[in-house]
Every structure is written in C-alpha cells, then in structure tokens.
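Below you'll find the structure, written out as structure tokens, and then a few comments.
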Amino acid sequence: MASKRSKSEGKGDKTAQPKPPVLASTGNEGLDIILGGGYPRGRVMLATGGPGCGKTVFGMQFLLKGATDLGENGVLVSFEETVDDLVANAAGFGWNLQALIDEGRIAVSYMDLNPAETLSSGSYDLTALLLRIERLINRVKAQRIVIDGISNLLAAFDNEDIVRNELLRLFRTLKDMGLTVFATGERGNGQLSRLGFEEYLTDGLMVLDNRVDGKLSKRSLRIVKCRGVAHGCNDYAFLIGRSGPIVYPIDAISLNYKVTRSRISIGIPGVDEMLGGKGIYRGSTVLVGGTAGTGKSTISAAFVNAACARGEKCLYFTFEEAPGQLYRNMKSVGIDLKQWERQGLFQFVPLRALQNELEGHLTAMQDAVDIFGAEIVVIDPISSLAPVADEYEIRGLLARLIDFLRSRGVTTLMTNLGFHNGSQMLGSLTISSLADTWIALTSVEQNIERNYVIQVIKSRGMPHSNELREFKFTAQGIDVLDAYLHPDGVVIGSARIAAETRFETRRIEEESQIGRRFRELERRRRALDAEIQALNDKFEAEKASVDVEWEAHQLKYDVQTAAIEKMQRARRGKL
Amino acid sequence: MAKKPRNASTGNDITYRLALYLPGQSMNSLTAERNLREILERHASLPVELEIVDIQQTPDAMEEKDLLAVPTLIRESPAPELRIVGDFSDEAKVLSGLGLKSTG
C-alpha cells in the first residue's frame with residue numbers, strides 16, 4: 001500500500017511511476033481548490049499552528065463533510081478535548097456531530113493522557129493506543145481519521161524516541177488500513193511543529209497562522225508540503241465563519257476569477273449610457289461616492305431594483321440605517337423593494353459598525369452572502385467603518401471582501417460618504433483603486449437652489465463618458481439629463497433652463513433675421529433675373545441685327561466676287 | 001489471599017492491590033511480569049494482590065483505565081492511584097513508585 005517516495009510527484013508522469021494519489025475532499029471548498037481536490041488518500045496530513053488557529057475545526061470539517069456528503073465514515077481521536085466539548089464546538093458551526101455519532105457514522109474518543117501520576121521504568125510502547133484506535137475504526141468502518149493534539153501525546157511521555165517510533169508505527173498501521181489521516185499539533189517556537197520532528201513523519205504539512213495586525217486578526221494557512229500533490233505554495237487567507245472555515249484559494253500569483261464580459265444595467269438608463277452605453281461588467285465592483293443627500297442610496301436601490309427584476313438575488317448591507325426608513329425613501333422615488341423581499345430576492349442586512357471588530361464584519365458579510373446565495377451586494381456606506389479602524393485596515397478588509405465577492409462572481413456596489421468641504425471620512429483615492437468603476441455624485445448650490453451632478457470618474461475596460469451630467473430625483477426614479485454645455489461652461493438647474501431659454505430665444509431671433517435676409521436675397525435675385533433677361537433680350541436683338549448685316553455683307557461680296565471672276569475669265573479666255 | 005483491613009496509622013496492615021496490563025503473551029509481557037514479581041517478592045513486606053490483565057483478551061479494560069502505554073501497572077490500593085509504565089527493569093523506580101522500601 002505504501003508507495004515509493006518517488007522524486008517525481010507529478011500528474012503528468014506517464015512512465016512506470018506510481019500513479020498520483022487519489023484525493024479525499026477536505027470538506028472545504030477553498031482548500032480543495034488549493035490542493036487540487038483534497039488530501040491524498042491513504043496518507044497523513046499534519047496541521048500545525050498555535051492555539052485557536054483552527055486546526056481542530058478543519059479536522060472536524062474533514063470528518064463531518066466526509067460522512068454527510070461522501071458517505072465516508074470517520075473517527076475522531078482527541079488528546080485535548082472531551083467528547084462533549086467537541087460535540088458542542090461542532091454545534092457552534094451548525095454541524096450535528098452527535099447525530100453522526102448516534103448513527104454510527106463517526107466514532108469520537110477522548111483519550112485522557114493524565115489519569116493519574118505516571119512513572120516509567122524501563123521500556124514500553126503504545127500498543128494500547130494503537131489497539132484502541134483500531135477498535136474505533138473497525139466499529140464504524142472508518143475511511144477517515146482525525147488525531148487531534150499529537151503534541152500533547154508527545155509531551156505526556158518522557159521518552160521521545162519511544163513516542164516517535166510509536167507515532168510512526170501508528171501512521172503506518174493507519175495507512176496500511178487505507179485510511180486518510182488528518183493530525184493536528186502545536187507549533188513550536190521557530191519550528192513548524194513542537195518537537196520539530198512530527199513533520200518528518202507525515203506526508204503533508206499545513207501550517208495555520210492567526211496574526212493580529214492592528215485591529216484586524218488575519219488568519220492564513222500555508223501548504224508547506226504535500227507529497228504527490230501539486231499544490232499552491234502561498235499563504236492563503238481564511239476566516240472562521242458561522243458555518244465553518246472559509247478559505248480563499250486566491251494567491252498573488254494567479255487570480256483565478258472567472259472573467260466575464262457580460263454587462264448589466266446599473267438601474268438608471270442615463271447612467272448606463274455614461275458607461276459605454278451598456279452598464280457595468282457583471283462581477284465587477286462599483287464605488288459611488290458623494291456628499292450627504294446626493295443620491296448614493298437611491299442609485300444603490302435602483303441597481304438592486306433592476307437586478308431583482310432580472311430574478312437575481314440581492315443583499316443590501318446597511319450601517320446605522322433602519323430598513324424601514326430605506327424602504328420609505330426608495331418608495332418616494334418609485335422603487336418598491338418590499339415586493340422583491342416578499343419574493344425572497346432581496347434582503348436588508350443591518351450592521352452596527354461600532355459593535356464589532358472588522359474581522360467580525362467580514363465574517364458576517366461573507367456568511368450572509370453564502371447563506372443567501374447573493375449575486376448582487378450593496379454596502380451602504382463603507383465610510384461607516386471609518387471610526388472603527390484606520391484607512392489602511394479598512395482597505396485591507398475591503399480588499400479581502402472584494403476578493404471573496406469576485407471569487408463568487410458577485411457584482412458589488414459600495415457607497416462612500418464625503419463632506420461638502422472636500423474632506424472625507426474614508427479617502428476615495430485609498431479605496432477607489434479597489435473598484436472597477438467610480439461614480440461621483442455632487443450637489444451644486446447656485447442662487448438658492450441645489451442641483452445634482454453625476455460623473456463617471458473611471459470605469460475599467462470600457463469607453464465611458466467623463467462629462468458632468470445633471471440628474472434629478474423624480475417620482476419615477478432618477479433622470480439623467482444630457483450634458484449641457486453653455487459657452488460659459490456647464491450649466492445646471494434653473495440657470496440651465498434660463499440659459500436654454502435665452503439660447504432658444506436668440507436662435508429664433510437670429511433665425512428670423514436671417515430668414516428675412518434670405519427673403520431679401522430672393523427678391524433681389526428675381527429682380528436680377530429680370531434685369532438679366534432684359535439685357536439678354538437686348539443683346540439678342542443686337543446680335544440679330546449684326547447677323548443680318550453680316551449676311552448682307554456676305555451677299556454683297558459674293559456678288560462682287562462673282563462679277564470679278566467673270567470678268568477675269570472673260571479676259572483670259574479671249575486671249 | 002486474605003484481605004487485611006486498612007489501617008492508616010500503622011501502614012503495615014495495608015494490602016497492595018495492583019493490576020498489571022499486558023499486551024498479550026509477547027516477550028516483553030513475560031519479561032515485565034517476571035521482573036515485577038521478582039521485585040514484589042524481594043521487597044514487598046506487605047500482602048500484595050496482583051491481577052494480570054491481557055488487553056487483547058479484555059480490550060474494554062483499555063478504555064476503562066485510559067491506557068495508552070503498555071505494560072502499565074496500576075496501584076489501585078493504597079490510594080492515591082499510581083501508575084508505572086515499562087518492563088520494570090529499573091528496580092529503583094518501581095520501588096519508589098510503589099512506595100516500597102528497599103529491603104536489600
């Protein structure tokens with residue numbers, strides 16, 4: 001069963017090398033992608049990391065998903081937690097471990113390492129441990145096994161050599177039985193595992209990390225080795241969400257988003273027009289920035305409205321705003337979001353910015369997206385996070401959130417609040433680079449009225465208008481008016497109407513003036529024509545008389561010439 | 001063997017109840033049992049009850065007693081419970097572990 005540890009661990013190797021291992025799904029979507037399918041069957045994967053890194057959770061996910069989704073029974077042996085604790089921890093993710101135990105699909109055993117004071121005299125081995133594990137495996141006919149906390153086992157005995165040998169023997173026995181093994185251990189200082197040698201006993205090593213960076217806790221995992229599997233080698237970010245770990249199979253080297261070229265409406269025809277005539281790319285991110293009251297939420301609602309009308313599910317994350325208020329505001333511009341809510345296509349998700357760490361917000365949003373199956377997400381506004389963390393951290397959060405959303409093919413719209421004096425809670429430049437499209441809304445005060453202007457500052461991958469256009473809120477939604485360019489510059493609002501009127505008036509005036517001149521010319525032309533006619537006639541008459549003279553002249557000379565010739569002939573002839 | 005009543009003050013009337021858990025009839029098992037019996041014969045000044053348990057025959061005992069290493073000797077009496085793992089080739093450790101005095 002144990003295959004040669006051949007140097008060429010390749011799927012593309014077609015010579016007489018052992019076949020690449022069949023893979024057992026890890027139970028985690030992102031991790032499966034990173035490993036190209038799962039943990040290698042019949043091999044041992046070791047996960048190390050400090051306390052709270054999530055090693056046990058990954059192990060549990062491996063077993064539970066194996067049993068419920070793939071019909072592979074499993075065994076969980078823990079040297080750290082009691083069965084009750086393990087069942088409770090699993091329940092925290094919505095996993096019903098107890099049911100699987102009762103059904104005989106998963107056998108769980110807590111092995112107490114210190115039941116009493118223990119001394120050693122002479123040599124011993126861990127046959128009892130091996131036998132106990134074998135019994136558990138046989139009881140449920142397991143194909144998967146998780147051994148949680150082998151560092152504790154190593155620490156419980158005073159003879160390092162014995163424990164190392166026995167671990168080797170254990171792993172060999174398990175592999176011979178055809179099981180896929182997932183073991184967890186502590187991470188030592190400066191080493192990947194506590195005593196430094198566990199990783200050499202195993203076929204694969206996954207290191208988990210949980211770093212606190214400012215206010216954001218950043219979890220990551222790295223596949224240090226995995227014999228027989230071509231795997232990504234980078235640090236992969238992950239989260240522990242409400243339903244278990246979410247791993248982002250995204251590394252700096254390959255951004256494997258499904259790139260789509262399809263376009264969707266942003267919900268307002270005039271704005272679609274400004275976006276190359278077709279709207280935004282599906283799966284892209286739009287940033288809508290503007291001061292208070294400029295219509296950011298209205299645009300968001302219009303976007304959602306159009307998407308729901310297409311049958312797409314939308315989630316609207318709102319900070320500090322009550323859904324009731326938003327429903328009413330949108331109703332006033334003719335957008336009825338309640339109808340979509342009733343059909344299960346739309347949901348408001350209110351979040352309280354100050355009530356959670358950034359990590360908590362990220363988890364909450366991702367869980368919500370996955371559970372609801374959202375294709376469209378609105379975050380209104382992201383600037384509400386400004387008091388919770390600094391710009392650098394928020395940018396980091398947004399980068400990860402957008403990565404996640406892109407990997408799910410979700411189209412995202414985020415709004416950002418700015419202030420009239422030009423300052424912003426969250427600098428647009430900081431976050432605009434994360435967005436594919438950036439739309440700015442401004443209000444302009446002129447005389448005593450306030451008018452609204454919209455501009456597409458950037459939109460990747462498409463020709464777009466960069467004109468300033470005026471827009472209005474009407475009972476039917478938002479109207480975008482054509483860009484109005486007056487010789488004095490862009491004019492909006494009532495000034496625009498006045499200017500338009502003046503222009504029109506002038507035009508009509510000038511037109512009628514010119515019309516008059518045309519008519520004048522027409523008259524002159526006709527007069528001219530008459531004159532020309534008269535002159536022509538006179539000319540013709542003169543010409544006619546000259547013609548007559550000419551004819552007469554011709555005639556005269558013809559006669560004279562004829563007479564002369566006659567005389568000459570007569571003279572010559574006579575001689 | 002007759003059971004003597006426990007008497008905390010003298011310590012001489014206490015019976016040692018020991019259970020030795022062995023992994024079947026291997027060389028190691030036989031060695032361990034022999035070593036232990038020799039030590040007890042030579043040094044135990046008190047009555048000893050020694051129970052031998054073969055974990056292959058009685059596997060449930062492993063879970064009952066949380067056994068991982070074998071051979072394991074469990075001193076069930078006198079309290080507190082005490083364990084010694086190994087083949088008992090280090091006599092001094094066994095003696096101190098069981099609280100026996102060396103009698104030469």
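Per chain, numbering begins at 1; letters A, B, ... match sequence-line order.
Annotation: B:Glu38, atom CD; neighbour count of heavy atoms from other residues, nucleotides and ligands within 6.0 Å is above 12.
Interface remark: B:Pro59 contributes backbone and side-chain atoms alike to the contact with chain A (heavy atom separation under 4.5 Å).
Residues passing the ring-ring contact (aromatic ring centres under 6.0 Å, His included) test with A:Tyr39 are A:Phe62, A:Phe182, sequence neighbours excluded. For A:Thr127, the side chain to side chain donor-acceptor pair (under 3.5 Å) partners are A:Asp125, A:Arg169, not counting sequence neighbours. The side chain to side chain donor-acceptor pair (under 3.5 Å) test applied to B:Glu51 returns no partner, not counting sequence neighbours.
Taking chain A as the reference chain and counting heavy-atom pairs below 4.5 Å, the highest number among B:Asp90, B:Asp66, B:Val85, B:Leu82 is found for B:Val85. For chain B, the option among A:Leu119, A:Asp112, A:Ile162 with the highest count of heavy-atom pairs below 4.5 Å is A:Leu119.
Atom CG of residue B:Leu68 and atom CG of residue A:Leu126 lie 7.0 Å apart, to the nearest 0.5 angstrom. Taking CD1 of B:Ile84 as the start and OG of A:Ser121 as the end, the distance is 6.5 Å to the nearest 0.5 Å.
Residues of residues 129-139 of chain A placed with any heavy atom under 4.5 Å of a heavy atom in chain B are listed by number as A:Leu129, A:Leu131, A:Arg132, A:Arg135.
Of all heavy-atom pairs between B:Pro71 and A:Ser123, the closest is CD-O, 4.4 Å. A:Phe157 and B:Ala69 make their closest contact through CE2-CB, 3.7 Å (heavy atoms, listed as atom of the first residue, atom of the second, distance).
Between A:Ser120 and B:Lys93 the shortest side-chain heavy-atom distance falls below 4.5 Å.
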